[in-house]
Amino acid sequence: MTALQVEHIRHAFGSLVAVDDLSLTVEDGEIVCLLGPSGCGKTTLLRIAAGLEPLQQGRVLLNGEVVADRSREVPPEARSVGLVFQDYALFPHLSVVDNVAFGLRGRSGRERRARALETLELVGMAPQAAAFPHTLSGGQQQRVALARALAPKPRVMLLDEPFSGLDAQLRHRVRDQTLHILKESGTASLVVTHDPEEAMFMADRIALLCEGRIEQFGPPSALYYRPENAFVAGFFGEINRLEAVTAGQQVKTPLGALAAEGLPDGTAVEVLIRPEAIRLSPLEAEPADGSGFARVTAARLLGRTSLLHLNVVNGSIEPVHLHARVPGAFLPAENAPMKIELDRSQAFVFRRRNEGETAAAASIAG
Ligand code: ATP
């Protein structure tokens with residue numbers, strides 16, 4: 001069943017359109033991440049789903065029931081949504097268990113406490129039930145906030161940048177715990193984040209937004225391996241960008257020709273190549289027959305991978321500077337010649353966008 005459905009949401013602040021005809025669903029037990037750069041409308045959409053921002057256009061449904069449309073607006077407290085924000089906003093004068101019990105209306109004191117303890121158990125915070133928030137670490141406070149939102153068994157959890165208040169190391173641990181807690185609770189969840197790695201870590205599906213619109217909505221692997229436009233391809237980490245022009249349904253690059261099916265000759269395109277798509281093997285010497293090769297201009301160990309700066313030369317084709325990422329320590333000397341191969345599943349060709357054109361309109365798979 002579909003837990004949350006937003007349909008054709010449009011929302012403007014004065015002349016600024018923050019959300020533009022946006023539709024998406026979150027299925028039961030599913031985690032969907034709203035991902036995108038700052039100001040693309042993620043928080044506004046979440047607030048509309050929660051009922052914290054009055055609906056202007058479109059519809060919001062929870063478990064198939066309309067909670068907001070042109071004629072009705074169910075208030076946030078009656079929507080059965082669990083909210084978790086960046087600042088956990090725990091009540092400082094209430095113990096952990098009382099914080100969690102707070103939102104459990106319409107039950108006896110004993111029932112509220114029992115449900116609060118049960119939820120604290122789920123998030124691994126039962127031993128701290130009697131503690132006060134100021135005595136807890138940031139990660140623990142986040143788990144209490146999660147428990148407080150989960151305790152009333154909401155139809156959907158809405159989380160806005162829930163880990164951004166935590167330092168890097170703690171963030172990794174807490175988001176891992178949160179993933180398990182959300183999955184164990186089985187609650188449909190919509191999580192706002194601007195961090196692509198976090199979205200890939202958390203999400204069953206990602207909705208990648210730009211300027212209030214969805215650029216692509218699907219499983220992380222689809223966005224990574226089958227991006228529908230250059231914005232999507234470039235959002236998940238560093239990517240090499242080359243400019244080229246099509247000829248005979250192809251683009252020629254120093255790494256070989258790439259398919260550009262459906263594009264007329266002379267179309268200006270952008271070629272995007274992930275650094276890990278470049279395979280290198282040492283050569284004794286630069287090829288004498290003028291065939292393509294790469295010359296190493298710098299090599300740096302980044303930890304789990306090595307980053308190689310390359311100058312790729314191939315006959316009369318304009319040479320290009322590219323970055324390659326190789327697993328482990330691979331640190332050839334400066335100017336070393338390398339045989340270069342391309343994993344074409346991680347190289348993409350898109351028509352170059354004109355000024356004001358949307359990404360989707362300029363897309364063509366490579
Ligand atoms: P961030 O990650 O920076 O929070 P976001 O993707 O969540 O960004 P929103 O907070 O939804 O984006 O904002 C979308 C746009 O709407 C931004 O340009 C923002 O400045 C604007 N905006 C948001 N809330 C208001 C408001 N109450 N009044 C006026 N403009 C607003």
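If you're wondering where the values come from, they're calculated on a predicted model, not measured in any experiment. Whatever order the structure lists ligands and atoms in, that order sets their numbers, starting from 1.
Atom 3 (O) of ligand 1 has its closest protein heavy atom at S38 OG, 2.6 Å. With hydrogens left out, the protein atom closest to atom 23 (C) of ligand 1 is F13 CE1, 3.4 Å, a heavy atom. Closest to atom 12 (O) of ligand 1 among all protein heavy atoms lies G41 N, 3.2 Å. Atom 6 (O) of ligand 1 has its closest protein heavy atom at K42 NZ, 2.9 Å. Among protein heavy atoms, atom 21 (C) of ligand 1 sits closest to L16 CD2, 3.7 Å. For atom 11 (O) of ligand 1, the closest non-hydrogen atom on the protein side is T44 OG1, 2.5 Å.
Seen from the ring of Y224, R274 counts as a face-on cation partner, given the 6.0 Å and 45° thresholds. Geometric assessment of R175 against the ring of F201 yields a positive cation-pi assignment under the 6.0 Å and 45° thresholds.
Counting only heavy atoms from C-beta outward, the side chains of F217 and V32 approach each other to under 4.5 Å. In this structure, the side chains of L4 and V60 come closer than 4.5 Å at one or more pairs of heavy atoms. Counting heavy atoms from C-beta on, the side chains of I48 and H11 come closer than 4.5 Å. At least one side-chain heavy atom of S189 sits under 4.5 Å from a side-chain heavy atom of L159.
Between D20 and R213 there is a salt bridge, with a side-chain nitrogen of the basic residue lying less than 4.0 Å from a carboxylate oxygen of the acidic one. Taking a cutoff of 4.0 Å between a charged side-chain nitrogen and a carboxylate oxygen, E73 and R79 qualify as a salt bridge.
Protein heavy atoms are found inside the 4.0 Å sphere centred on atom 25 (C) of ligand 1.
The closest approach between a heavy atom of P37 and any atom of ligand 1 is below 4.0 Å.
At least one N or O atom of G39 sits closer than 3.5 Å to an N or O atom of ligand 1. Of the N or O atoms in C40, one or more lie within a sub-3.5 Å distance of an N or O in ligand 1.
Listed by number with element, the atoms of ligand 1 under 4.0 angstrom from any heavy atom of A18 are 14 (C), 15 (C), 16 (O).
Of all the heavy atoms of L45, none lies under 4.0 Å from any atom of ligand 1, so neither backbone nor side chain is involved.
The closest heavy-atom contact to atom 4 (O) of ligand 1, among the options T43, T193, I48, comes from T43.
A side-chain hydrogen bond (donor to acceptor under 3.5 Å, both in side chains) with R59 is found for one member of Q5, E7, H8 and no other, namely E7.
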